[in-house]
Structure formats: C-alpha cells, structure tokens
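Below is one structure, written out as structure tokens, with a few remarks after it.
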Amino acid sequence: MEIKRQLTSQCAIKQFNFNQFQFGVEATDHMLVARYSDGHWHSATIQPYEQLVLSPLAMCLHYGQTVFEGLKAYRQEDDTISIFRLARHHERINQSLRRMAMPEIPEELFETGIRELVDLEQEWIRGGEGNSLYIRPFVIATEARLGVSISTDYLFMVVCTPMAAYYAKPLKVKVERHYTRAVPGGVGAAKNGGNYGAAYYPAHLAQQAGFDQVIWTDARDHQFVEESGTMNLMFIIDGVLLTPPAGETVLAGVTRDSLLSIARDMGWPVEERPISLKELEEAFSTGKKVEAFGAGTAAVVAPLELIQIDGQDFRPYIAEDAQMYQLKARLSAIRAGKEKDPYAWNTVLEKALTK
Ligand SMILES: *Cc1c(COP(=O)(O)O)cnc(C)c1O
C-alpha cells in the first residue's frame, strides 16, 4: 500500500514550548489518514494536521464503533528514534477492531504508516529520561446513516503529541464495589471508546470523595480486583509479583506484559491469577510487604499509596527501595537503548530514513 505525502510548510514545532506544555493538547505537525470503503483500505496519506470533516450522521457519533491505541516513540542514547512494541500494538488494535465488527488494519498501513509518520515528526522527540512522543492511532465508523447496522466506511488516523517526563504522583484509590468496568462476554478487552465513557461517572464519584481513581472489581461479586482506572493492576507481596489474568475483563496491557517478562527474566516469582479483596486485606493485616501499582503506557508504573476497601484504608509500600521501581528502571533502560533489548521490543528507525 502506497502512503502519499503532503508536507506542511507551517510547522508548529517552531513555536512549541517544550519546557511547559500540557499532555495531549497540541498535536504534532502531521497526521496519517486512511479510508476504508468498498471492502478495502485506501487513500493512505501523511498530511498536515487539520480538522476533520464528518457528517452529523456518521455512525461513530451515534453507535460507538470506535477503537484506539496508545504507544510511544523515544529518542535513544545514540540519538536514534525507537518505537516501543509496535507489532504488539498492531496485533491489539486488530483484536479490538474484530470485537467491534470493524475492519482490521494491514501491517503495511499500521506499522509502516506509523514508522513513516514518526520519522517525519522526530524533531518533536526530545532526548532524556521520560521524554517521548505519544502516538494515538484510532479508527472510527464514518458511514453517514442513522440505521443501526455495521458501518461500511471507516477512517483510520494516527496523531501524535509530545510527552514530557513527569513525576508519577502516588495515587489514592478506592475499591469500587458497585459500578463495573467490564463483564465476561462484553467489550472490556477492546480499547473501545465506550469503555472510557462508562468509567467516567464512577471515577468522578471517587474523585469527589478524595480519591484519584477506582480499582475495578469483578462484575458478579465485586470480590476480585481487576484494573486500576485505565491501567492494569499489579502487586508485589513479599517479593511475589501478582496480577490478575488478562482476558475478557482485564485488558491485555503491553506495559503489563513487558513488566511480567522483565520480572520473570530477573528470576522473580510471578503469578497471574485472580486476587481477592480478602487476600489483600489479609496481606496488609498480617504485616506482609505489599507494593501496589498501575501499569500502562502513559505512566508506565504508577505507585498506589492508599487503597480503600469498604471504608478501611490500607497503605502499600512506596519508599524509594520498592521493587516496582526496579521493574520500571529496567523497562526504561531497554526502551532507551541503554540495555540490550533481548525481546526485540524496539523498532529502531533506520538512520538512512532520517534526513
Ligand atoms: C490501554 C489500557 C491499559 C494499559 O495498556 P498499555 O498497553 O500498557 O498501555 C490497561 N487497561 C485499560 C482498560 C486500557 O484501556
């Protein structure tokens, strides 16, 4: 598939203040756009960033056929640009698309398209720990028709925004025992916009009560923990890395998977299994050392400093020597090219591509 190019002559990067900006508000200069109609993807173009024109009848505005991904590109120690786990994100967007009855994206559109876009936007990627380019691929249903049916037309786009090193403030979370994020047989395993829409209200209630987020529990009994907000949930209890199994109600996070691989290769005991509130309460009350954190592309490792279960506060260990920071450091080192990448997670852009 040929990807056409139209470059902008008015680059926003010239006015962009890298010392002070909000995440996700300003896009980089170009975006990738491709269309799906008559059963195939076509018209792939890297073009200047601009507003969308959409029919008010476009199905994505009404019936929820939207899917997205989130991944990052980094400037490595040797100044090359590297995209983290591109192939895995491609696999996952296709899993999400299948669940939402939307057309899958071929490799030469997703992976090549993102490589070319990131190559073009690489000036936006500053070196140094924590700086990155956040890449947001997404697909929306664009057929103009109010009838409830599978859309025949789609738009695939990739936009990018710079991301700075930020201090992941430890989070206070409340275990949610009424509202539900995902149910067996539902869409919790897909990165579908509706999952986020449905989570806002319970998260808002928790925020009004002084928490940063909720910990989601299983839909049936609210006895087993599943995720923390929009991150996967991990614990290190007396040196054992514990996390609920990924599946229909726990999204298969790429960060989660990366941290599990790193932990296993460092020889840590790792258990992927259901974790009950009872087990957590017992671990805290019997004086075990409990670390708890969220895992996701944005924050990588987000320490939890407080977990409230039915009105009772528990305080996980967050001091500097906590083991979770070792995991984070190793992942960062692999991404930055400071340590060998035995998993082939980095897609390093060829120097030849760069101008
Ligand atoms: C995206 C996401 C995650 C984290 O996935 P990463 O691939 O690590 O960014 C976890 N849970 C939910 C619900 C998500 O949407």
Side-chain angles (χ1 to χ4, degrees), residues 23-24 64 66-74 83-97 99-100 110 114 130 132-139 160-161 163 166 168 171 173 176 179-184 186-203 206 212-219 225-235 241 243-263 272 275 292-302 304 324 327-328 330-332 334-335 343 345-347:
F23 164 71
T66 74
V67 153
F68 67 94
E69 267 302 324
L71 65 163
K72 285 177 175 175
Y74 299 84
I83 306 169
F84 191 66
R85 301 203 68 178
L86 180 59
R88 176 65 193 120
H89 285 280
H90 177 219
E91 197 182 2
R92 191 171 66 184
I93 200 171
N94 282 342
Q95 287 162 353
S96 298
L97 288 167
R99 178 62 183 84
M100 300 309 296
F110 189 90
I114 290 177
S132 63
L133 186 71
Y134 184 83
I135 305 162
R136 167 54 58 89
F138 62 100
V139 185
C160 303
T161 81
M163 200 164 179
Y166 78 103
L171 303 175
V173 298
E176 179 57 60
Y179 294 102
T180 294
R181 190 195 81 87
V183 296
V187 294
K191 279 187 104 73
N192 163 238
N195 288 336
Y196 284 66
Y200 280 142
Y201 182 66
D212 297 297
Q213 254 304 346
V214 299
I215 285 182
W216 299 106
T217 50
D218 69 284
V225 294
E226 294 196 327
E227 297 206 50
S228 170
T230 59
M231 291 183 285
N232 289 115
L233 181 60
M234 297 186 140
F235 298 90
L241 180 62
T243 194
E248 282 195 317
T249 60
V250 174
L251 189 125
V254 177
T255 313
R256 172 189 181 281
D257 179 75
S258 306
L259 295 175
L260 289 176
S261 297
I262 289 172
E272 288 180 75
I275 304 163
F293 56 99
T297 294
V300 185
V301 165
L304 307 185
M324 60 186 161
L327 282 180
K328 180 177 186 175
R330 204 156 143 69
L331 182 57
S332 305
I334 292 172
R335 277 184 333 211
Y343 317 99
W345 284 341
N346 296 322
T347 296

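Here the structure is a predicted model, which means the values were calculated and not measured. Both counts, for ligands and for their atoms, begin at 1 and track the order of listing.
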Measuring only between side-chain heavy atoms, which start at C-beta, is Thr66 closer than 4.5 Å to Asn192?
yes
Might you list the protein residues in contact with ligand 1, defined as having a heavy atom under 4.0 Å from one of its atoms, sorted by chain and number?
Arg92, Arg181, Lys191, Tyr196, Glu227, Thr230, Met231, Asn232, Leu251, Gly253, Val254, Thr255, Gly296, Thr297
Which residue is it: Leu71, Leu331, Thr297? I am looking for the one with a side chain to side chain contact (heavy atoms under 4.5 Å, CB included) to Phe84.
Leu331
Tell me whether Asn195 contacts the main-chain N or O of Ala182 through its side chain, where contact means a donor paired with an acceptor under 3.5 Å.
no
With a 4.0 Å cut-off, would you call Glu227 and Arg256 a salt bridge?
no
Could you check whether any side-chain heavy atom of Leu233 comes within less than 4.5 Å of a side-chain heavy atom of Ile275, counting everything from C-beta outward?
no
pair Pro202-Trp216: side-chain heavy atoms closer than 4.5 Å
yes
